[in-house]
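A short write-up of the structure that comes next.
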Protein chains: 2
Amino acid sequence: MFKFTTLNNKSQLKTETRKEEIIKTAAKLFKEKGYSAVTMRDLATAMGIKAASLYNHINSKQDILKDIIISLAEEFTQGMNLIKKSDHSTIEKLNLIVALHVEITAKNTFGMASLNNDWMHLEEQLDYYLQLRKKYEQDFIDIIKTGIATNEILDTNPEIVMFSILSTLRSLYLWIPKKEEITSVELAETLSQVLINGINK
Amino acid sequence: MFKFTTLNNKSQLKTETRKEEIIKTAAKLFKEKGYSAVTMRDLATAMGIKAASLYNHINSKQDILKDIIISLAEEFTQGMNLIKKSDHSTIEKLNLIVALHVEITAKNTFGMASLNNDWMHLEEQLDYYLQLRKKYEQDFIDIIKTGIATNEILDTNPEIVMFSILSTLRSLYLWIPKKEEITSVELAETLSQVLINGINK
DNA sequence: AACTCAAACTAACAAGCGTTAGTTAAGGTA
DNA sequence: TACCTTAACTAACGCTTGTTAGTTTGAGTT
């Protein structure tokens with residue numbers, strides 16, 4: 001098989017394995033049509049092979065979805081844990097959350113579509129995913145509540161505030177691909193400004 | 001068949017037709033699992049009948065999706081046309097857009113899920129839907145640009161501002177069902193406050 | 001009592017689904 | 001040269017899909 005990198009695993013340079021290529025291609029298709037509407041034959045065609053050949057590399061369609069979603073969910077959990085434990089102000093913590101979403105999403109817009117839209121098709125890992133999500137949102141809300149208590153942010157319904165910010169951050173995967181000219185840092189800055197300070201003059 | 005209303009169509013009182021019941025049930029299922037993952041047998045079971053019986057009332061699965069999505073898209077278009085032509089200030093227009101989304105979404109949270117997540121499975125009507133959406137977003141951005149020009153709102157990237165607000169409004173369908181105690185008016189007010197004035201003290 | 005009609009039913013269809021089993025081809029290693 | 005590994009293949013499976021054709025049921029109307 002032709003490889004896109006010249007050095008193999010033994011020389012420590014990261015070569016994209018066939019399995020990783022399949023998962024990446026699957027994520028792309030899942031973003032376009034959703035998990036359920038993508039068939040293994042669609043995926044095979046996109047890879048230039050036959051459907052049965054996919055099974056030399058992956059265990060099942062389910063497993064591909066799990067690989068895409070769980071790794072991303074854990075990445076968010078890890079980022080939130082760092083932010084939570086840091087000693088920044090509330091506003092700074094919120095800026096860091098914005099930056100976390102921009103960074104992860106910019107790196108993997110396709111996977112973020114599955115995370116947002118296809119998590120309900122997880123089977124064994126559904127409970128685990130829901131647990132991670134619940135924890136993330138609870139940590140987020142706690143940060144907002146602290147900010148209200150310490151008089152750093154306005155005393156507004158914390159759930160509405162979180163919902164509002166998180167909705168925007170969760171939709172980034174739709175929007176980042178259309179704005180290739182803007183850097184992650186610029187986007188995170190503008191977004192922080194809009195979300196935190198509003199747009200009223 | 002048992003009917004849930006006592007007066008029939010001839011007496012001018014709106015009776016929910018069997019077709020409307022099916023579409024409403026379908027929207028509920030589509031929200032839970034997405035259009036592609038819901039089978040006609042799932043829908044039939046939810047209605048308490050056999051799959052073949054559905055076809056006495058509807059033409060096809062496709063047609064159900066079209067009915068759900070297009071009517072909502074046209075409702076938004078109509079609302080935007082009114083707002084656009086009105087002589088309110090930019091801030092007031094933005095408040096009206098928030099209220100429009102809250103109102104339509106509160107009335108039909110299930111359908112809003114399809115509008116947001118399953119539009120790509122439209123077939124004949126896909127181009128029409130995309131045209132309505134593009135027009136809506138263009139009108140939205142024009143309002144923001146006017147606000148910047150007239151010095152009513154801060155001079156920030158208009159696309160980021162629209163994206164930020166619209167992402168939140170488009171996610172309302174996920175959130176409204178969890179907050180049944182809050183009224184549409186209260187929600188619209190708090191949301192306007194957060195989206196327009198921010199949360200910074 | 002006879003008729004109408006909405007709304008259900010059974011049975012079946014062709015196509016497509018995810019997946020398995022067993023085989024082949026080519027390149028690197030012993 | 002013989003072997004091993006990787007990655008493709010063909011063929012087929014049992015099941016599910018959306019949809020159709022034709023039939024039955026039961027309540028309301030004439």
Side-chain angles (χ1 to χ4, degrees), chain A residues 1-11 13 15-27 29-30 33-68 114 118 121-124, chain B residues 1-11 13-27 29-30 32-68 114 118 121-124:
Chain A
M1 262 317 284
F2 176 73
K3 286 282 170 60
F4 289 92
T5 48
T6 50
L7 301 178
N8 64 15
N9 290 325
K10 289 175 188 168
S11 66
L13 193 94
T15 298
E16 191 169 50
T17 67
R18 203 75 176 117
K19 179 175 178 177
E20 286 165 344
E21 286 183 65
I22 290 172
I23 292 174
K24 200 175 262 184
T25 305
L29 297 181
F30 292 168
K33 311 174 29 175
Y35 174 75
S36 302
V38 174
T39 71
M40 294 305 275
R41 285 164 179 86
D42 289 338
L43 177 53
T45 302
M47 291 292 298
I49 61 178
K50 293 294 160 77
S53 306
L54 293 168
Y55 289 83
N56 286 323
H57 309 283
I58 54 100
N59 295 321
S60 64
K61 192 188 176 189
Q62 255 299 300
D63 228 48
I64 296 176
L65 186 68
K66 184 206 73 185
D67 276 4
I68 294 171
S114 299
D118 286 317
H121 300 116
L122 289 172
E123 290 168 7
E124 282 100 60
Chain B
M1 261 316 286
F2 176 74
K3 286 281 171 62
F4 288 92
T5 49
T6 50
L7 302 176
N8 64 17
N9 290 324
K10 288 176 186 166
S11 66
L13 194 93
K14 209 164 89 182
T15 298
E16 193 170 49
T17 66
R18 204 76 177 118
K19 178 175 178 176
E20 284 165 345
E21 285 184 66
I22 290 172
I23 291 174
K24 200 176 260 185
T25 306
L29 297 181
F30 292 168
E32 285 166 17
K33 313 175 24 175
Y35 173 75
S36 303
V38 175
T39 70
M40 295 305 276
R41 284 163 182 85
D42 289 338
L43 177 53
T45 301
M47 291 292 299
I49 60 178
K50 293 295 161 75
S53 307
L54 293 169
Y55 289 84
N56 286 323
H57 309 282
I58 53 101
N59 295 322
S60 65
K61 192 188 176 190
Q62 253 302 296
D63 228 47
I64 296 175
L65 186 69
K66 183 206 73 186
D67 276 3
I68 294 171
S114 299
D118 286 319
H121 300 117
L122 289 171
E123 290 169 5
E124 282 100 57

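Each chain gets a letter, A, B and so on, in the order its sequence line appears, and its residues count up from 1. Everything quoted here is computed from the prediction, not taken from an experiment.
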Quiz item: Nearest nucleotide by nearest heavy atom, which residue falls closer to the 5' end of DNA chain C, A/S36 or A/N56?
Solution: A/S36
Practice problem: Could you check how far CD of A/E21 sits from C1' of D/dT6, rounded to whole Å? | Solution: 13 Å
Quiz item: Between A/H57 and D/dA7, is there a side-chain N or O to OP1/OP2 distance below 4.0 Å?
Solution: yes
Practice problem: Find the distance B/I49:CD1 to C/dA6:P and express it as a whole number of Å. | Solution: 16 Å
Quiz item: Within less than 4.0 Å of OP1 or OP2 of C/dT19, is there a side-chain N or O belonging to A/R41?
Solution: no
Quiz item: How many Å lie between OH on B/Y55 and C1' on C/dA12, as a whole number?
Solution: 14 Å
Self-check item: Separation of atom CE in B/M40 from atom P in D/dT17, rounded to whole Å
Solution: 12 Å
Quiz item: Under 4.0 Å between a side-chain N/O of A/S53 and OP1 or OP2 of D/dA7, yes or no?
Solution: no
Exercise. Take A/A51 and B/Y35, find for each the nucleotide of DNA chain D with the closest heavy atom, and name the residue whose nucleotide sits nearer the 5' end.
Key: A/A51
Quiz item: Does B/R18 reach the side chain of B/I49, with side-chain heavy atoms less than 4.5 Å apart?
Solution: yes
Exercise. Whole angstrom is fine here: how far is it from CZ in B/R18 over to C1' in C/dA8?
Key: 9 Å
Quiz item: Tell me, do B/E32 and B/V38 make a side-chain contact under 4.5 Å, heavy atoms counted?
Solution: no
Quiz prompt | Side-chain touch B/I23/B/E20, heavy atoms, less than 4.5 angstrom | solution = no
Exercise. Among the candidates D/dT10, C/dT10, C/dG18, find the nucleotide nearest to the side-chain atoms of A/K61.
Key: C/dG18
Quiz item: If we only count heavy atoms from C-beta on, is the A/L43 to A/I64 side-chain gap below 4.5 Å?
Solution: yes
Practice problem: Take the protein atom NZ of A/K50 and the nucleotide atom P of D/dA12, then report the distance between them rounded to whole Å. | Solution: 14 Å
Practice problem: Check the distance between C/dG16's P and A/L43's CG and give it to me in whole angstrom. | Solution: 18 Å
Self-check item: Sidechain-backbone polar pair: A/K61 side chain, A/Y35 backbone, donor-acceptor under 3.5 Å
Solution: yes
Exercise. Quickly work out the B/K33 NZ to D/dT16 C1' distance and round it to whole Å.
Key: 12 Å
